[in-house]
J.: 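Please see the structure below; I have some questions.
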Amino acid sequence: MTWYHASMYDAGKPAGSFWEDDAPHLAEGVDLGPVSGETRCDVAIVGGGYTGLSAALHLARDHHVDVCLLEAGPLGWGASGRNGGFCTLPPSGLSLEQLIHRYGEAEARRFIASQVEAIELVRNLARDEAIDIRPQGDGTLLVAHMPSRFAGLKEEAALLAGKFGLPVRVMSREEVAETDYDSTEQFGALLNGLAFGLHPLRFARGLAEAAARRGARLHGHSQVEHWERSGAEHRLVTKGGTVRARRVILATNGFTRDEFGSGLAARLMPVLSNIIVTRPLTEDELAAQVWKTERPCSNTRRLLFYYRLLPDRRFLFGARGDLTGKPEDGQRMRRLMERRLGEVFTSWAQVPTTHYWRGFVCMTARMTPAIGEIPDAPGIYFALAYHGDGVSAAPWAGKTLAQLIVGKGAFHDLPAPFRDLPPRIPFPSLRRWYLGAALGYYRLRDKQQSG
């Protein structure tokens, strides 16, 4: 069960993103279309985003496993095709101090190291599989949205560079204004030299084409409506056919519902993230905001703003918000974001937007991702909950799950923040109220601290 409006799960409806208008169509024969009749495979994958496509590619290419992937909409229809395109780390809602306190320094270091590998994996996949991901920026900026937040960036940089050995540095407000941009909410930044921006849907479709080349069978428009165990096999039923498999991967992330009776949905908190994109900016408009960078940026607000200049000089601006998913509430969110864009970047207050879309960020109560096998459903595996940083974490999770399924490693050897099922959210029917309370608190805190 979910409280969001049914239109958020309508896989027949395009996301309406700029990415959909700017990405080439899949090569012919990659998406085999709806499942028809009955078919068998060794591993069935539910979910055609980064996690599922990466698992399919690595199982088929590296381990010669017979794979069949089922996606409710077009391949890459979910978060993988509609995010902001930030390839960065870490995929967690915990601070570095909280990670160390909860899991210990050694496990926190393993967790961060795995996500350094994850960013490199994206680069390698793009190179090895000739995926035109349109990389941008020699790093990403985490920007202090008010003067008091700059001290926190210094502390975070000291941890990232000292304990975790990452190539980060702090930039003063003056340096950011000189080399990158300025705004009403720019008071210095932390530069992460590992991260970069990319075109998320080109990446998703490139993964799909690579997986199909290696023999994975990819079926879009094939929503699983029923699951049951039949002897040693799992039987996945869609509207048009049935897939039988010895093992199943659930890679549905924030769009997870209860078709499998796995109980996963009650352990997840899907949160809406919204994006607007402007028309291309002129040189004079860019100069008015002293915008000079291709580095993707996010800020220190608890209700995050994230933004970047795209290759054709359109400006992407994203934010969390909305508790319903109703179309009318989406339009209100669009107007709010257009207003806030003009307040933060005052020179662009009158620049029109051409696109608005939204999708789910997937979170857990423990605020870390989850990879594992469902204890009371042998042969059902999962990898999900990337807390808004899945562009690199999800392909890494898919590859890792592929390795674990074929016996190259053990689940208990994963970095501790990934292990096992996340805890069940108490009274999951009240998740809207939990989230509403949290959003209200964060809005109040951001307002107080900006005053």
Side-chain angles (χ1 to χ4, degrees), residues 4-5 7-26 31 47-53 71-87 122 131-136 197-209 220-221 252-255 270-281 296-298 304-322 325-327 329-338 340-341 351-362 386 388-391 394:
Y4 287 109
H5 192 267
S7 62
M8 291 301 304
Y9 301 92
D10 182 0
K13 179 181 177 182
S17 72
F18 169 72
W19 310 127
E20 289 175 331
D21 292 342
D22 193 56
H25 295 297
L26 283 170
D31 185 343
Y50 295 147
T51 304
L53 292 169
E71 162 59 44
L75 300 175
W77 175 82
S80 298
R82 62 178 82 188
N83 64 79
F86 285 57
C87 187
V122 174
I131 303 173
D132 180 15
I133 61 173
R134 301 286 171 91
Q136 279 188 287
L198 54 71
H199 192 303
L201 189 55
R202 286 176 178 267
F203 182 36
R205 289 179 175 171
L207 286 175
E209 293 180 358
H221 303 284
T252 45
N253 208 32
F255 289 85
V271 178
L272 277 171
S273 196
N274 307 263
I275 293 176
I276 55 175
V277 169
T278 71
R279 63 149 167 79
L281 298 170
C297 307
S298 59
L304 181 72
F305 286 160
Y306 53 97
Y307 41 96
R308 52 182 291 215
L309 190 70
L310 302 182
D312 68 350
R313 299 190 304 196
R314 295 175 187 267
F315 194 72
L316 178 151
F317 187 75
R320 308 275 164 81
D322 183 25
K326 294 178 180 177
D329 289 339
Q331 289 308 305
R332 280 193 284 270
M333 192 68 196
R334 177 176 187 167
R335 291 192 294 271
L336 170 64
M337 292 176 64
E338 289 171 340
R340 292 295 288 125
L341 171 63
V351 174
T353 60
T354 59
H355 296 77
Y356 164 76
W357 70 95
R358 52 191 175 165
F360 291 128
V361 171
C362 187
Y386 308 113
D389 282 320
V391 172

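What you see below is based on every heavy atom in this structure, not just the backbone, and it leaves out hydrogens, waters and symmetry mates. Numbering starts at 1 and runs along the sequence shown.
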J.: Any donor-acceptor pair under 3.5 Å linking the side chain of R340 with the backbone of R335?
T.: no
J.: Distance-only, no hydrogens or angles: does the R313 side chain make a donor-acceptor pair with backbone N or O of L281 under 3.5 Å?
T.: yes
J.: Where is the tightest heavy-atom contact between G390 and Y50, given as atom of each residue plus distance?
T.: O-CD1, 3.8 Å
J.: Please state whether the rings of Y306 and F86 are parallel, tilted or perpendicular, taking 30° and 60° as the class boundaries.
T.: perpendicular
J.: I'd like to know if the side chain of E20 reaches the main chain of A15, judged simply by a donor and an acceptor atom lying under 3.5 Å from each other, with no hydrogens or angles considered.
T.: yes
J.: Which atoms form the tightest heavy-atom contact between V277 and F18, and what is the distance?
T.: CG2-CB, 4.3 Å
J.: Salt bridge check, E209 against R205: does any charged N sit closer than 4.0 Å to a carboxylate O?
T.: no
J.: Give, for atom CG of D10 and atom NE2 of H5, the distance between the pair rounded to the nearest 0.5 Å.
T.: 10.0 Å
J.: Drop me the distance from D21's CG to L201's CG, to the nearest 0.5 angstrom.
T.: 10.5 Å
J.: Are the side chains of L272 and M8 in contact, using a 4.5 Å heavy-atom criterion?
T.: yes
J.: Looking at F255, is its backbone amide N or carbonyl O close enough to the side chain of N253 to form a donor-acceptor pair, meaning the two atoms are under 3.5 Å apart?
T.: no
J.: Of all the heavy-atom pairs spanning P270 and G254, show the shortest one and how long it is.
T.: CB-O, 3.6 Å
J.: Return the minimal non-hydrogen interatomic distance between S7 and G325, and the atom names on each side.
T.: OG-O, 3.5 Å
J.: Could you check whether N274 and Y356, counting side-chain N and O atoms only, form a donor-acceptor pair closer than 3.5 Å?
T.: yes
J.: Once the angle between the rings of F360 and Y4 is folded into 0 to 90°, is it parallel (under 30°), tilted (30 to 60°) or perpendicular (over 60°)?
T.: tilted
J.: Can you confirm whether L53 sits close enough to F203 that some side-chain heavy atom of one is under 4.5 Å from a side-chain heavy atom of the other?
T.: no
J.: Taking the six-membered ring of W77, is the NZ or CZ of R82 close enough (under 6.0 Å from the centre) and on axis enough (within 45°)?
T.: yes
J.: For F315, what residues pass the ring pair (Phe, Tyr, Trp, His ring centres under 6.0 Å) criterion, not counting sequence neighbours?
T.: W291, F345, W348
J.: Run I133 and R202 through side-chain contact (heavy atoms from CB on, under 4.5 Å) and show every step you take.
T.: CA-CA 6 Å; I133 61 173; R202 286 176 178 267; 5.7 Å; no
J.: Working to the nearest 0.5 angstrom, can you tell me the gap between W357 CH2 and S273 OG?
T.: 10.5 Å
J.: Any donor and acceptor pair, going by atom type alone, linking the side chain of N83 with main-chain N or O of S80 inside 3.5 Å?
T.: yes
J.: To the nearest 0.5 Å, what is the distance between CZ on R320 and CE on M333?
T.: 10.5 Å
J.: Of all heavy-atom pairs between A208 and L26, which one has the smallest distance, and what is that distance?
T.: CB-CD2, 4.0 Å
J.: Side-chain donor-acceptor pair under 3.5 Å between D132 and H199, yes or no?
T.: no
J.: Evaluate the side-chain contact (heavy atoms from CB on, under 4.5 Å) criterion for residues R358 and D322: first the C-alpha distance (whole Å), next the side-chain angles of each, then the deciding distance (0.1 Å), finally the verdict.
T.: CA-CA 10 Å; R358 52 191 175 165; D322 183 25; 2.6 Å; yes
J.: State, without any angle test, whether T51 and Y386 hold a side-chain donor-acceptor pair at a distance under 3.5 Å.
T.: yes
J.: Any luck finding a side-chain donor-acceptor pair between R314 and T354 under 3.5 Å?
T.: yes
J.: E71 side chain to G220 main-chain N or O, any donor-acceptor pair under 3.5 Å?
T.: no
J.: Between P200 and W19, is any pair of side-chain heavy atoms under 4.5 Å apart?
T.: yes
J.: Between H355 and I276, does the side-chain contact (heavy atoms from CB on, under 4.5 Å) criterion hold? Intermediate values first, please.
T.: CA-CA 6 Å; H355 296 77; I276 55 175; over 6 Å; no
J.: Can you name the closest pair of heavy atoms from L316 and G84 and give their distance?
T.: CD1-O, 4.2 Å
J.: Apply side-chain contact (heavy atoms from CB on, under 4.5 Å) to residues R308 and Q136 and explain how you reach the verdict.
T.: CA-CA 10 Å; R308 52 182 291 215; Q136 279 188 287; 2.7 Å; yes
